[in-house]
Structures are given as structure tokens and as C-alpha cells.
2 protein chains.
Amino acid sequence: MAKPPKENSPITEHLAYLLAQANREINRQLELRLSKEGVPVEQWRILKVLSDGEGHSMGELADAVLLNHPTLTKMIDRMVSDTLVYRVQDPNDRRKVLMFISDRGKVLCKKLNSLAVDQEEHILENYGDKSTSELKRLLESLIDSSN
Amino acid sequence: MAKPPKENSPITEHLAYLLAQANREINRQLELRLSKEGVPVEQWRILKVLSDGEGHSMGELADAVLLNHPTLTKMIDRMVSDTLVYRVQDPNDRRKVLMFISDRGKVLCKKLNSLAVDQEEHILENYGDKSTSELKRLLESLIDSSN
DNA sequence: TTGAAAATATTGAATATTCAAGAATTGACG
DNA sequence: CGTCAATTCTTGAATATTCAATATTTTCAA
């Protein structure tokens, strides 16, 4: 009945560790695919968020793509140089900058999307339809419960 | 019946994104606790792996704590300065370095363990016993299926 | 209306990570 | 044996990230 004390449990049993490990592995796989277009995962996320055509402020974007502000600013600088996105001053609140995706960005985003879909399909094959959707559900609920 | 095409699905529905988000959040929480002792998460992992008292080579350690070799080397340098761990040349294979935890390291590791247990308990409370163990199971199996 | 506090984004310096190359040792095979 | 390839770890330079400070604009209350 008595469980072993958690203090001695190996690191591999901690949720934080399992999440880090799974994230690392899945991210590595995705990175590998996206590298075909020479684009880091974060840039794909940015393009994907912006591909709704709406303007998104830097703060909004930073939250959405899991980067902190200065890192995002510098990554956006690069993407502006590559003419994948562009900045517009928000007319309603001039503290803000609204980011938009360019036509070139849209084209690239489509290619990246299909590479990402490849990966998800690969996961579905190896891991199973049911496990995948169950895992997604649990992750969403974990994230929810952490706010 | 027809599902929407994956290409247009929002980023928040991708497994890779959900994993990144959950990992970020849980890691942030753990970081916050461990910061009470001024120790980054990776150092706790290192101490925990070494606390079996065996010598572990750098390569082994790097795999176990999810760091690549040069990053680990530099982090170990700091921990050696802090006398938390020490290096011993492997007598059987002099290319290798065996890492050991020091007494000071063991003391610190105990404190860190209980901070980490605090977090796991906090998760259990908010997220539930059942969800947690189910999530762990699914993550382990995802990791398995990725090799 | 004005002035202080909050919100937003960027910058620059400090820090950390990564990539590519190097040094040392071992293994394997002619 | 001898030497060449593979393994293991570290180093240094290039790159990226983070922290703290700054500039700008807005909000809000006195």
C-alpha cells in the first residue's frame, strides 16, 4: 500500500521531466522537417499566428508563440529583413506595433504547414489516433489548471 | 463528418505546441520554487541523477538531463566551482570523465527534492491524481514511440 | 489639465547556448 | 605492432537569449 517516498523517486518519474523530454523530442523532429525550408520552429509559429491576416501586437505575439519580448523583437527584426512580416504602428494606441504577414510570408507558411502536417501524421501512425487525442486533451486541461 | 484540413488548424491544436506550452508552464513553476535555493532546474536534474552515488560519464549525463555536451560541460564547471560535484578520470577508459556528487551536493539535493515534491503535490491538487498519472503514462509512451 | 503611474516595445550589456574544431584515448584491422 | 577511424570531452568563436534600463504613449486621478 505504502508508496515509496517521492524524494527518492528517479527524475524520470517527475511530470516536469517527462514534459521536457517529450517536448524536446517532438520539437527536434519538427525542427528537422522545417529545416528543409531553413526556418526555426518559432518563426513558423509566428507566421501561423499572423496568417489570420489580422494585425497582432508584439505582446500578443510573444504570448502566443511562447517567447519573451526582447527575444521576439530580435526574431521579428530578422523576419522583417527577410520580408516575411512587416510592422505597422497601431493607429489606436501608438505604443503598440501591429505585425502583419507578407505575401512572401504566406507562401512560406503554406509550405511549412504541410511539413508540420507530415510530422503530425507520422506521430499518428506511430503513436495512434486515440493516444494522440487523449494526450492533447490532457495537456490542454493541464495548461488550463495552471492559470 | 469531414474534418477541417490540418493546414488551417490553429497552432494551439498542434501537439508540438501543446507540449511546448505545458512544458514552459510547468518548468516556470518549478524554476520559481528552486530559485529559493538559487539553483536552475538543470542543476537539480544533474544532482538528482548523480545522487545514486555512482559515477556517470558526461555523455550519459548529457542524455539524462537533456543538455547537449558543451552546455553540460560549462554547467558542470560552475557546479565544480560551487563544490556540488567533482570529476574523476575513468580508470577503465581514460577518454571518459566520471562525475560524482559531493556531500554538499547531497545536502542541497535533498532540499531541492522537497521543493520539487511541493510542486508535484500542487499539481496533484489542481489537476487531479488520475489525470496526472494518465498524462505521465501517455508521455512515457509517446517518448517510447519516438525512438 | 497636468503630472504620476502603467503599458508597450526596443536597446545594449551580460550571460548562456551552440556549432565547429581540437585534443586525448581507444578500438579495430591490415 | 602501427595507423587510421571512432569515441569522448573540452574549447573558442559565433550566435542567441535574457535582464535591466530606456523611450514613448496612454490612463487616470487629483
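Each chain gets a letter, A, B and so on, in the order its sequence line appears, and its residues count up from 1. Not measured: the values here are computed from a predicted model.
We find that CD1 of Ile76(A) is positioned 11 Å from P of dA9(C), with the value rounded to whole Å. With rounding to whole Å, Met58(B) atom CE is found 13 Å from dT11(D) atom C1'. Separating the NE2 atom of His69(A) from the P atom of dA7(C) is a distance of 12 Å, rounded to the nearest angstrom. dA24(C) atom C1' lies 14 Å from atom CG of Asp90(B), rounded to whole Å. The CG-P distance, from Asn92(A) to dT8(C), rounds to 14 Å in whole Å.
With hydrogens and angles ignored, the 3.5 Å screen pairs no side-chain donor or acceptor of Arg24(B) with any backbone N or O of Leu19(B).
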Which letter, B, S or -, goes with each nucleotide of nucleotides 15-25 of chain D from 5' to 3', with contact meaning a protein heavy atom under 4.0 Å?
--BBBB---BB

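A 4.5 Å side-chain heavy-atom check between Ile76(A) and Arg87(A) finds at least one atom pair inside the cut-off.
A search for side-chain contact (heavy atoms from CB on, under 4.5 Å) contacts involving Glu31(A) returns Asn27(A), Val41(A), not counting sequence neighbours.
Between the side chains of Asp129(B) and Thr132(B), no donor N or O sits under 3.5 Å from an acceptor N or O. Under 3.5 Å, the side chains of Asp144(A) and Ser141(A) contain no donor-acceptor pair of N or O atoms.
In this structure, Ser57(A) reaches the dA9(C) phosphate: one of its side-chain N or O atoms is under 4.0 Å from OP1 or OP2.
A salt bridge is absent between Glu140(B) and Arg137(B): the closest approach of a Lys/Arg side-chain nitrogen to an acidic carboxylate oxygen does not fall below 4.0 angstrom. A salt bridge links Arg28(B) with Glu25(B): the closest approach of a Lys/Arg side-chain nitrogen to an acidic carboxylate oxygen falls below 4.0 angstrom. Ion pairing between Lys136(A) and Glu120(A) holds under the 4.0 Å rule for side-chain N and carboxylate O.
Of the residues Ile101(B), Leu98(B), Leu84(B), the one that meets the side-chain contact (heavy atoms from CB on, under 4.5 Å) test with Leu50(B) is Ile101(B).
With DNA chain D read from its 5' end, the first of the two nearest nucleotides for Val97(B) and Pro91(A) is the one closest to Val97(B). When each of Asp77(A) and Lys96(A) is assigned the nucleotide of DNA chain C bearing its nearest heavy atom, the one mapping closer to the 5' terminus is Lys96(A).
Within residues 21-33 of chain A, no residue has a heavy atom under 4.0 Å from DNA chain D.
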